[in-house]
Amino acid sequence: MRIFDPHIHMSSRTTDDYEALYAAGVRAVVEPSFWLGQPRTSPASFRDYFDSLLGWEPFRAAQYGIAHHCTLALNPKEANDPRCTPVLDELPRYLVKDNVVAVGEIGYDSMTPAEDTALAAQLQLAADHGLPALVHTPHRDKLAGLRRTLDVVRESALPPDRVLVDHLNETTVKEAKDSGCWLGFSVYPDTKMDEERMVAILRAHGPERVLVNSAADWGRSDPLKTRKVADLMLAEGFTEDDVDLVLWRNPVAFYGLSGRLNLDVATTDATHEGNSILRGAPKDGPRPSGAPAAEA
């Protein structure tokens, strides 16, 4: 089984998670930029973070045989903070980087006018750079948030078939599907979706244009939720081809719209800018770098 987690915050996770992901069949991930859990105080914080998503994190992932790409943006929560909004002017120089496969996460948190402005501006940036967009729907008032999101998408220069609307659930899936956007679902231990609800949605609405992710971060989350959804799909009568469509081919197709998705895991140097993931020396000598390349 091959798995592509299209939304996971690996900078919040440990190398143990990378090992567990590889063992579970995960061969590719996309890491959207998001907030740190506490307020940033300047655009400089974003610059360092973006640089880590473009350099250190792909290096770390490659040590465990996983291809790593990212999406970059001013996230919805921090779009309300005037200390952070100047990063919108700096995004263009990052959006041309090879490893950036979408603009994201953008969208709504509290559905404020500032979030309206940031969403519209970043949809335009996606159109200008030939990139798709990953859109975060709010955790509260989800249906109202989805409708407001779709209105802004319709007014933008970015076609709906280049937009992934994430954090969907039973109340939002039909309207999102009818819009022509791609459909994203985050599966969590306690909140958002769980495996059983996800499989029920797949049964009711089909697997086409559906992406399932763990959205694992620094909170209570589980980076192996994608594999658990796959296992339950098989147990509930879905075919291996259905699982491959949802957990691999759909994310490949969506992020492939960027023209930058590379699923080969490149052999890396022992260090990145002089730094290694190792602390001390392993008992059995240096750990082999990487693993077999992922299938396209």
Side-chain angles (χ1 to χ4, degrees), residues 2-13 15 17-18 21-22 24-34 46-75 91-107 122 125-126 129-136 158 162-166 182 184 186 209 211-217 223 225-226 246-268 272-273 277 289-296:
R2 55 184 183 174
I3 295 174
F4 186 148
D5 192 328
H7 181 156
I8 185 169
H9 301 289
M10 290 307 298
S11 58
S12 304
R13 312 301 303 193
T15 52
D17 292 315
Y18 272 123
L21 285 167
Y22 187 87
V26 176
R27 297 294 181 267
V29 299
V30 165
E31 180 161 359
S33 58
F34 79 142
F46 285 89
R47 291 194 296 268
D48 290 339
Y49 176 51
F50 291 167
D51 287 343
S52 74
L53 295 184
L54 290 164
W56 173 249
E57 210 54 47
F59 167 79
R60 231 178 31 124
Q63 307 306 301
Y64 296 92
I66 295 174
H68 180 289
H69 294 78
C70 67
T71 76
L72 300 182
L74 170 64
N75 65 81
L91 273 172
R93 73 183 181 93
Y94 283 98
L95 296 180
V96 298
K97 303 292 186 180
D98 288 343
N99 232 34
V100 180
V101 291
V103 175
E105 295 178 65
I106 58 177
Q122 293 182 101
L125 283 173
H129 288 82
L131 292 172
L134 169 61
V135 178
H136 169 107
L158 197 66
R162 295 180 67 82
V163 175
L164 169 59
V165 182
D166 211 347
W182 293 73
S186 300
R209 300 169 73 86
L211 284 72
V212 173
N213 65 74
S214 70
D217 56 18
K225 281 294 189 182
T226 49
V246 173
L247 274 303
W248 184 265
R249 301 197 312 270
N250 282 348
V252 167
F254 176 74
Y255 287 115
L257 295 171
S258 67
R260 301 175 182 173
L261 188 66
N262 181 2
L263 297 173
D264 292 332
V265 182
T267 300
T268 67
H272 174 71
E273 296 184 352
I277 61 171
S289 175
E295 300 177 34

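As the structure is a computational prediction, the values presented were derived from the model and not from experiment.
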Within the structure provided, determine whether His9 and Glu105 are in side-chain contact (heavy-atom separation under 4.5 Å).
yes
Side chain to side chain donor-acceptor pair (under 3.5 Å), that's the test. Do His69 and Glu31 meet it? Break it down for me.
CA-CA 6 Å; His69 294 78; Glu31 180 161 359; over 6 Å; no
side-chain contact (heavy atoms from CB on, under 4.5 Å) evaluation trace for Ile66 with Val29
CA-CA 7 Å; Ile66 295 174; Val29 299; 4.1 Å; yes
How close do Met10 and Glu57 get, counting heavy atoms only, and between which atoms?
O-OE2, 3.7 Å
Where is the tightest heavy-atom contact between Leu21 and Pro223, given as atom of each residue plus distance?
CD2-O, 3.1 Å
Phe46 CZ to Tyr49 OH distance, which is reported to the nearest 0.5 Å
9.5 Å
Expected output: side-chain Tyr255 to main-chain Pro6 donor-acceptor under 3.5 Å
yes
Go through the steps for Asn75 and His136 under the test side-chain contact (heavy atoms from CB on, under 4.5 Å), then give the verdict.
CA-CA 9 Å; Asn75 65 81; His136 169 107; over 6 Å; no
By the definition side chain to side chain contact (heavy atoms under 4.5 Å, CB included), identify the one residue from Leu74, Leu95, Thr71 that meets it with Val103.
Leu95
Considering all heavy atoms, the nearest Cys70-Leu54 contact
SG-CD2, 3.9 Å
Taking all heavy atoms of Pro32 and all of Leu134, pick out the closest pair and write down the distance.
CG-CD2, 3.5 Å
Heavy-atom closest pair (Asn262 atom, Ala67 atom, distance to 0.1 Å) is O-CB, 4.0 Å
Could you tell me whether Arg27 sits above the aromatic face of Phe4, with NZ or CZ closer than 6.0 angstrom to the six-membered ring centre and within 45 degrees of the axis?
no
Go through Ser12 and Phe34 one step at a time and tell me if the side-chain contact (heavy atoms from CB on, under 4.5 Å) criterion holds.
CA-CA 11 Å; Ser12 304; Phe34 79 142; 3.8 Å; yes
Determine whether Tyr64 and Val26 make a side-chain contact, defined as any pair of heavy atoms from C-beta on separated by less than 4.5 Å.
no
Ring centre gap for Tyr94 and Phe50 strictly below 6.0 Å:
yes
Heavy-atom check, side chain of Val101 versus side chain of Leu131, under 4.5 Å:
no
Is a side-chain N or O of Arg260 found less than 3.5 angstrom from the main chain of Val100, in a donor-acceptor match?
yes
Quick one: CZ on Arg93 to CG on Leu72, what's the gap to the nearest 0.5 Å?
11.0 Å
How long is the straight-line distance from CZ of Arg13 back to OG1 of Thr15, given to the nearest 0.5 Å?
12.0 Å
Check whether the side chains of Asp5 and Ser214 place a donor and an acceptor atom closer than 3.5 Å, and report yes or no.
yes
Spatial distance of atom OG1 (Thr226) from atom CD1 (Ile3) [nearest 0.5 Å]
4.5 Å
With side chain to side chain contact (heavy atoms under 4.5 Å, CB included) as the test, pick out the partner of Phe254 among Val252, Leu257, Asn250.
Leu257
Any chance you could measure Leu53, atom CG, to His68, atom NE2, to the nearest 0.5 Å?
6.0 Å
Which heavy atom in Ser186 sits nearest to a heavy atom in Ala215, and how many Å separate them?
OG-CB, 3.7 Å
Separation between CG (Leu164) and CG (Asn213), nearest 0.5 Å, reads 8.0 Å
Close side-chain approach of His7 and Val30, heavy atoms under 4.5 Å
no
